[in-house]
**Student:** 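Here it is, the structure, as structure tokens.
Values below: every heavy atom of this structure, side chains too, minus hydrogens, waters and symmetry copies.
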Amino acid sequence: MTGTRKQADQKRKQTDRNREPHGGPRERQPKTAAGSVQSVDRAVSVLEILARHGEAGVTEIADELGVHKSTAFRLLGVLENRGLVGQAKDRGKYFLGAGVLRLAGAAAVRMDISQEGGPVCRELADELGETVNIAVLDDDAAVNIMQARGPASVTAQNWLGRRTPLHATSSGKVLLAHLPTTLREGLIARTLPRMTEHTVTGTVALRGELETVVERGFAIAVEELEVGLAAVAAPVRAHDGKVIGALSASGPVYRLTEDRLTELAKRTVAASVELSRRMGYGF
């Protein structure tokens, strides 16, 4: 067989391997996990480059990343679509977008409320003798970012870092009640898990309860998350009045009777007002 013929056969075999059994072109395989991680790493590097330089063009970014300009352009396009970078059309330069400020602001709020909330939590826990928590919204759940236990606390359960359902906790109801209407309705219209026989899962009933939470300024949950547990929570506001967290006090139902919950609600609301003041609300 001549060299030319061998080359022709090899080319034909390669073409066949690149085709599906029906003869059409082979579809491109999905990007591997390693490739996806590399893309994420490069995207973060782009943000770091822009943070360092203030603004940069595609060529500069590509050079720093060590990639082709087309790759840098694709990364910038994705980041721009998510609002994480912007482009000065007249100069062709890219800069960090408002989306980065939004993310940074959310992180700052968590850090600020944790820092300012510590003394308030400890003081309220000592005053009430119960467990006090601060929770913030985490997508479709409430996550506890601060906790203090009072001297009468009978449980060693740690709620710190725990995500709890919005509809079954006092903190969650506070956060849910103060969400924009469209977002709130979308969350309560879903099938909600029943944690105990006391959990409110019906859309109409839950909507009515959330309206009450807004009207009276606090939420109560009795054995809705766990049997034997009762809690009351009040909203914590940022300087602009937006509810950014919920301050709660919880304890066993045998101690947190209806009268006792009413008293806890008053003191918890007062403490949440103080924490809101520390966050700049009311000035």
**Student:** Given the rule in the side chain to side chain contact (heavy atoms under 4.5 Å, CB included) test, do I113 and V236 qualify, once you have shown the distances and angles that lead to the verdict?
**Tutor:** CA-CA 9 Å; I113 197 173; V236 177; 3.9 Å; yes
**Student:** List for me each residue that meets side chain to side chain contact (heavy atoms under 4.5 Å, CB included) alongside V222, sequence neighbours excluded, and say none if there are none.
**Tutor:** I220, A230, V253, L261
**Student:** Of all residues at least two apart in sequence or in a different chain, which pass the side-chain hydrogen bond (donor to acceptor under 3.5 Å, both in side chains) check with H53?
**Tutor:** E64
**Student:** Enter the distance from E123:CD to L128:CG here, rounded to the nearest 0.5 Å.
**Tutor:** 10.0 Å
**Student:** How many angstroms lie between OG1 in T203 and CZ in R190, if you round to the nearest 0.5 Å?
**Tutor:** 11.0 Å
**Student:** With side chain to side chain contact (heavy atoms under 4.5 Å, CB included) as the criterion, how do K173 and E209 come out once you've worked through the C-alpha distance, each side chain's angles and the decisive distance to 0.1 Å?
**Tutor:** CA-CA 9 Å; K173 289 178 184 179; E209 186 168 345; 2.4 Å; yes
**Student:** Tell me whether N81 contacts the main-chain N or O of G77 through its side chain, where contact means a donor paired with an acceptor under 3.5 Å.
**Tutor:** yes
**Student:** Sequence neighbours excluded, which residues qualify as salt bridge (Lys or Arg N to Asp or Glu O under 4.0 Å) partners of E223?
**Tutor:** none
**Student:** Would you give the length of the straight line joining atom CG of L84 to atom OH of Y94, rounded to the nearest 0.5 angstrom?
**Tutor:** 13.5 Å
**Student:** Applying salt bridge (Lys or Arg N to Asp or Glu O under 4.0 Å), name anything that partners D126, two or more places apart in sequence or on another chain.
**Tutor:** none
**Student:** Are any non-hydrogen side-chain atoms of V213 and L176 less than 4.5 angstrom apart?
**Tutor:** no
**Student:** Are T196 and T199 close enough, and set up right, to give a side chain to side chain contact (heavy atoms under 4.5 Å, CB included), and what steps lead you there?
**Tutor:** CA-CA 5 Å; T196 73; T199 308; 3.5 Å; yes
**Student:** Between Y281 and H239, is there a side-chain heavy-atom distance shorter than 4.5 Å?
**Tutor:** no
**Student:** On a heavy-atom basis, which atom in L264 and which in A249 lie closest, and how many Å separate them?
**Tutor:** CD2-CB, 4.1 Å
**Student:** Would you please name every residue forming a side-chain hydrogen bond (donor to acceptor under 3.5 Å, both in side chains) with R260, sequence neighbours left out?
**Tutor:** none
**Student:** Are the side chains of L50 and F95 in touch, meaning some heavy atoms are under 4.5 Å apart?
**Tutor:** no
**Student:** Rounded to the nearest 0.5 Å, what separates atom CG in L175 from atom CG in D140?
**Tutor:** 12.0 Å
**Student:** Under the 3.5 angstrom rule, does the side chain of T71 hit a backbone N or O of V67 as a donor-acceptor pair?
**Tutor:** no
**Student:** Residues in side-chain hydrogen bond (donor to acceptor under 3.5 Å, both in side chains) with E263, at least two apart?
**Tutor:** R267
**Student:** Would you say V200 and E224 make side-chain contact, with heavy atoms under 4.5 Å?
**Tutor:** yes
**Student:** Kindly write out the residues that satisfy side chain to side chain contact (heavy atoms under 4.5 Å, CB included) with E185, not counting sequence neighbours, or none if the list is empty.
**Tutor:** T181, I188, R207
**Student:** Can you see which heavy atom on G217 is nearest to which on V269, and at what distance?
**Tutor:** O-CG2, 3.9 Å
**Student:** Can you measure from NE2 (H167) to CG (L192) and round to the nearest 0.5 angstrom?
**Tutor:** 4.5 Å
**Student:** Any chance you could measure L75, atom CG, to I61, atom CD1, to the nearest 0.5 Å?
**Tutor:** 9.0 Å
**Student:** Hey, does C121 have a side-chain heavy atom less than 4.5 Å from the side chain of I134?
**Tutor:** yes
**Student:** Check step by step if salt bridge (Lys or Arg N to Asp or Glu O under 4.0 Å) holds for E211 and R184.
**Tutor:** CA-CA 12 Å; E211 291 174 355; R184 181 180 65 249; over 6 Å; no
**Student:** Apply salt bridge (Lys or Arg N to Asp or Glu O under 4.0 Å) to E60 and list each qualifying residue two or more places apart in sequence or on a separate chain.
**Tutor:** K93
**Student:** List in chain and number order the residues that pass side chain to side chain contact (heavy atoms under 4.5 Å, CB included) with A135, two or more places apart in sequence or in another chain; answer none if no residue qualifies.
**Tutor:** A142, N144, S171
**Student:** By side-chain hydrogen bond (donor to acceptor under 3.5 Å, both in side chains), which residues pair with R194, not counting sequence neighbours?
**Tutor:** T201
**Student:** In the single-linkage hydrophobic clustering (I, L, V, M, F, W, Y; side-chain heavy atoms under 4.5 Å), do V78 and F73 co-cluster?
**Tutor:** no
**Student:** Answer yes or no: is there an ion pair linking E130 with R255, defined by an N-O contact shorter than 4.0 Å?
**Tutor:** yes
**Student:** Considering non-hydrogen atoms only, spot the tightest contact between P119 and Q115 and give its length.
**Tutor:** CD-O, 3.6 Å
**Student:** Which residues satisfy the side chain to side chain contact (heavy atoms under 4.5 Å, CB included) test with A271, sequence neighbours excluded?
**Tutor:** V120, L124, L247
**Student:** Can you tell if the side chain of V132 reaches within under 4.5 Å of the side chain of Q147, non-hydrogen atoms only?
**Tutor:** no
**Student:** Could you tell me if the side chain of S248 sits less than 4.5 Å from the side chain of T268, heavy atoms only?
**Tutor:** no
**Student:** Does any pair with a residue in residues 235-253 pass salt bridge (charged side-chain N to carboxylate O under 4.0 Å, His left out), and if so which ones, sequence neighbours excluded?
**Tutor:** none
**Student:** Do the side chains of L65 and V46 get nearer than 4.5 Å, heavy atoms only?
**Tutor:** yes
**Student:** Of all the heavy-atom pairs spanning G161 and V143, show the shortest one and how long it is.
**Tutor:** O-CG2, 3.7 Å
**Student:** Measure across S170 and A221 and return the closest heavy-atom pair with its distance rounded to 0.1 Å.
**Tutor:** N-CB, 3.6 Å
